[in-house]
Chemist: 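Structure below; questions to follow.
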Amino acid sequence: MEQDYPVIRVAVPVPLYGTFDYLVDPAASAPVGARVQIRFGRRPLVGVIVATDVESQVAPDKLKPVLRVLDDTPLFDEALLKLLRWTARYYHHPLGDTLATALPAALRRTRTDTESTRNRGWQAVADAPAEAEAALTRAPRQQELLAAIRAAGNAVAHGTLLARFPGAQRPLNALAERGLIEAVALPGGLETGTAGTPPALTSDQQDVVDRLRTASGFAPALIEGVTGSGKTEIYFQRMADILATGRQVLFLAPEIGLTPQLIDRLRSRFAAAIGVLHSQRSDGERADVWKAAGAGEADIVIGTRSAIFTPMPRLGLIIVDEEHDGSYKQGDGLRYHARDVALKRAQDAAIPILLGSATPALETLHNARAGRFVHHKLVRRATGAALPAIRLIDIRSRPLDGGLSDPLINRIRPHLEAGNQVMIFINRRGFAPALFCHDCGWSAPCHRCDAPMTVHGAMSRLVCHHCGSTEKAPTVCASCGSESLIALGAGTQRVAGALRSHFPDVAVARFDRDSMARKGRLEAQLADVASGKTQLLVGTQMLAKGHDFARLTCVGVLDVDGGLFSADFRATEHMAQVVTQVAGRAGRADRPGEVWLQTRNPEHPMLVRLLGGGYPGFAEAALAEREATALPPYGHLALLRAEAHEQRYPHDFLAAAAETIPLGGELACWGPVPAPMARRAGRYRAHLLLHASRRALLHPVLDRWQTQLAELPAARRVRWSIDVDPQDLL
DNA sequence: AAAAGCGGTACG
DNA sequence: GTACCGCTTTTC
């Protein structure tokens, strides 16, 4: 009798390709896209229904019943499921794990779901007695708040009001007491923005907006605009267009670019329900936003990489800001690229998508050149300010003090004396990148990685930047016993120290992951920069994006050379992007800026190209080089990665994997080779690079690999994964 | 990935 | 006998 029960197909979060069939109670509502709690083997798991009324090929007595259906309405709609099926196929990742990756963490677990009341809001009472308002004459704070709430037109989140009006709690309570406003429960996780007036556009901006408006259906556009050219305003104009038609907008930004300023701008511009998804939000809040977006309650969703998988039934526009940013590519598990998934999503939904950057990825420029994307360019800053001049300081045979050369110090001084701000960029945190024995050449290694330990806190601590292990710094060389240990090279801490001794009267602030560990620290430091209290800024990548520093007139970049001679073919592209982005921080208002790059390779052709032709000139040369070497975007790559505790296992597995490939003229296989850092966190890593001249050749091989590799005996000894379109070969 | 099954063996 | 390993098999 049990075989008469309906059978559903479930995607289970395990590293297995394929789905599993289960029996379900005929009386229960169990639609495609709903989660189910099941027993898989002996353990309980949460899976997602991907098909119903299935004719199972599995013996009826092996089918288990679903323990519980967790959602009576689908959590994944048809469009999102289709996108995720595509994603699983494209990245050759198991469907169940793909769906689990898309889901907010709170929904991956079993949980009796209680609708959240985390988000409370206030709205104006329409028929409030006139005398109540008249009584506000001696309460300016209350007047101000009431006006703000009325201007919004609908409910405003409590948190939003507190952020805009510090200490608003009491006046809000007073207004409620007078019956002028009332508390309402907002859809969980969402906040409500207030309508703002758009600023006048420059004619360049207006041209782009006008051209964007002529597009219909799937319309990918690249907006290549120099820093300060006002790309955000263009996004906002298009968002307004789309929101006015009653559709939803999905806005993606890298974690580092998703600043409070950007979110505030959004809030004070659109009288819309906004869902914010970023790493600082709790699991519960993320789940709330996800559900609200899926129910069509959110008008705008703004978030980082994983936000691309938010269900949005009325989606009308996708924006990918800083589209070149490496954080759009996930580095483990489902190794997806959110920009590429976004393009697929826009295509499926037949809607426009805007990719914006001052330094577009070479892949994106190539697509624009090939006519796949409409290419819009903004070469002038919206303020009319000049772009800074970028110049080199040759540091060959020059002594460095804390990473700084004398000429750079001398360039900085006048800017500080004039009361302006200076930023020093170094892509290395900590005090120094190695602790080195002056007598025998030994340097303190990480015991779990093939990498030196980084010195932190003025020679006191050693930290491995690859596995996170830390130890006390030794006082004598472990190899020869010498006491002449020196910290070699410079990181942010050392640079900050050197600057303090050169400019003792100037306040120096350090911006890196270590100094930002405490919550709110970044905001506090940025406030000091905005007020002019901080004059010297030292930092990593973190300083490169999303911040406006009105008084910044000089930028120094200490180590561009690392980007010129890396094993990674994308290193020069990253170097050019970072240099251009940090340079864009300088001279934003009416003050002209200057940028100095320290280098030992002033004749390097890519550096010369970047200085002479700016990022577009560099990109042209870089694309020519990629074409000559058949590297992306002119060739297509997939990386088979393997790691294990013993060195030989990854190699054996990859060698066996390489055997299974039918190598032809247009398909090449490189390796197996040890990864550039062969041992990391105690595991030995190696990989096999697959190169195809056409993408269509690559995917059939990967399709077969997906099943074949799992059956290789050697596969059981390693952890392996397929990385399609790898971003870094490390 | 995780848990269970299998076969070998050291133990006192 | 049984407690404990390393290795293989299975997961609807």
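Note on naming: letters A, B, ... go to the chains in the order of the sequence lines (proteins, then strands), and numbering restarts at 1 for each one.
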Chemist: Base, sugar-phosphate, or nothing for A:Val14, non-hydrogen atoms under 4.0 angstrom?
Modeler: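 No contact.
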
Chemist: If a protein heavy atom is under 4.0 Å from the base, mark B; if only from the sugar-phosphate, S; if neither, -; do that for nucleotides 2-7 of chain B going 5' to 3'.
Modeler: SSS---

Chemist: Salt-bridge test for A:Asp283 and A:Arg109: reply yes if a basic N is under 4.0 Å from a carboxylate O, no otherwise.
Modeler: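 Yes.
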
Chemist: Using 30° and 60° as the class boundaries, would you call the ring planes of A:Phe76 and A:Trp290 parallel, tilted or perpendicular?
Modeler: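 Correct class here is perpendicular.
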
Chemist: Under 6.0 Å between the ring centres of A:Tyr634 and A:His366?
Modeler: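 Yes, the ring centres sit under 6.0 Å apart.
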
Chemist: Looking at A:His687, A:Glu643, A:Arg335, which hits side-chain hydrogen bond (donor to acceptor under 3.5 Å, both in side chains) with A:Ser721?
Modeler: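 Only match with A:Ser721 under side-chain hydrogen bond (donor to acceptor under 3.5 Å, both in side chains): A:Arg335.
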
Chemist: Taking only side-chain nitrogens and oxygens of A:Lys62, does any of them come within less than 4.0 Å of OP1 or OP2 of C:dC12?
Modeler: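 No, because none of the side-chain N or O atoms of A:Lys62 sits under 4.0 Å from OP1 or OP2 of C:dC12.
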
Chemist: Could you pull out the closest heavy-atom pair between A:Gly47 and A:Val10, with the gap in Å?
Modeler: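 Closest approach of A:Gly47 to A:Val10, heavy atoms only: CA-CG1, 3.8 Å.
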
Chemist: Using a heavy-atom cut-off of 4.0 Å across all strands, would you classify A:Ile38 as base, sugar-phosphate, or nothing?
Modeler: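 Nothing, no heavy atom under 4.0 Å.
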
Chemist: How many Å lie between CG on A:Leu45 and P on B:dA1, as a whole number?
Modeler: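 That distance rounds to 14 Å.
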
Chemist: Please report, rounded to the nearest Å, how far the C1' atom of C:dC12 is from the CZ atom of A:Arg9.
Modeler: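 Roughly 9 Å, once rounded to whole Å.
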
Chemist: Looking at A:Arg286 and A:Ala105, would you say the former's side chain and the latter's main chain have a donor-acceptor pair under 3.5 Å?
Modeler: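 No, because the side chain of A:Arg286 does not come within donor-acceptor range (under 3.5 Å) of the backbone of A:Ala105.
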
Chemist: Checking all strands, does A:Phe40 fall into the base, sugar-phosphate, or nothing category for heavy-atom contacts under 4.0 angstrom?
Modeler: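 Since a base atom lies under 4.0 Å of A:Phe40, the category is base.
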
Chemist: If you measure only the distance, is there a donor-acceptor pair under 3.5 Å linking the side chains of A:Asp703 and A:His92?
Modeler: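 Yes, because at least one side-chain N or O of A:Asp703 sits under 3.5 Å from a partner of the opposite role on A:His92.
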
Chemist: Output the rounded distance in Å from CD (A:Gln37) to P (C:dC12).
Modeler: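 Rounded to the whole Å, the gap is 14 Å.
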
Chemist: Has A:Arg35 got a side-chain atom pairing as donor or acceptor with A:Val46's backbone, closer than 3.5 angstrom?
Modeler: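 No: the side chain of A:Arg35 does not pair with the backbone of A:Val46.
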
Chemist: In this structure, how many angstroms lie between the C1' atom of C:dC12 and the CG atom of A:Leu63, rounded?
Modeler: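 From A:Leu63 CG to C:dC12 C1': 6 Å.
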
Chemist: Measure all distances between protein nitrogen or oxygen atoms and nitrogen or oxygen atoms of nucleotides 4-8 of chain C, and list the pairs falling under 3.5 Å.
Modeler:
none

Chemist: Within the side chain of A:Arg704, is there an N or O that forms a donor-acceptor pair under 3.5 Å with the backbone of A:His699?
Modeler: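 No.
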
Chemist: Please state how far atom OH in A:Tyr5 lies from atom C1' in C:dC12, giving the value in whole angstrom units.
Modeler: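 Computing the A:Tyr5:OH to C:dC12:C1' distance gives 17 Å.
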
Chemist: Without decimals, in angstroms, what is the distance between A:Glu711 CD and C:dT10 P?
Modeler: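 For the pair A:Glu711 CD and C:dT10 P, the rounded distance is 13 Å.
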
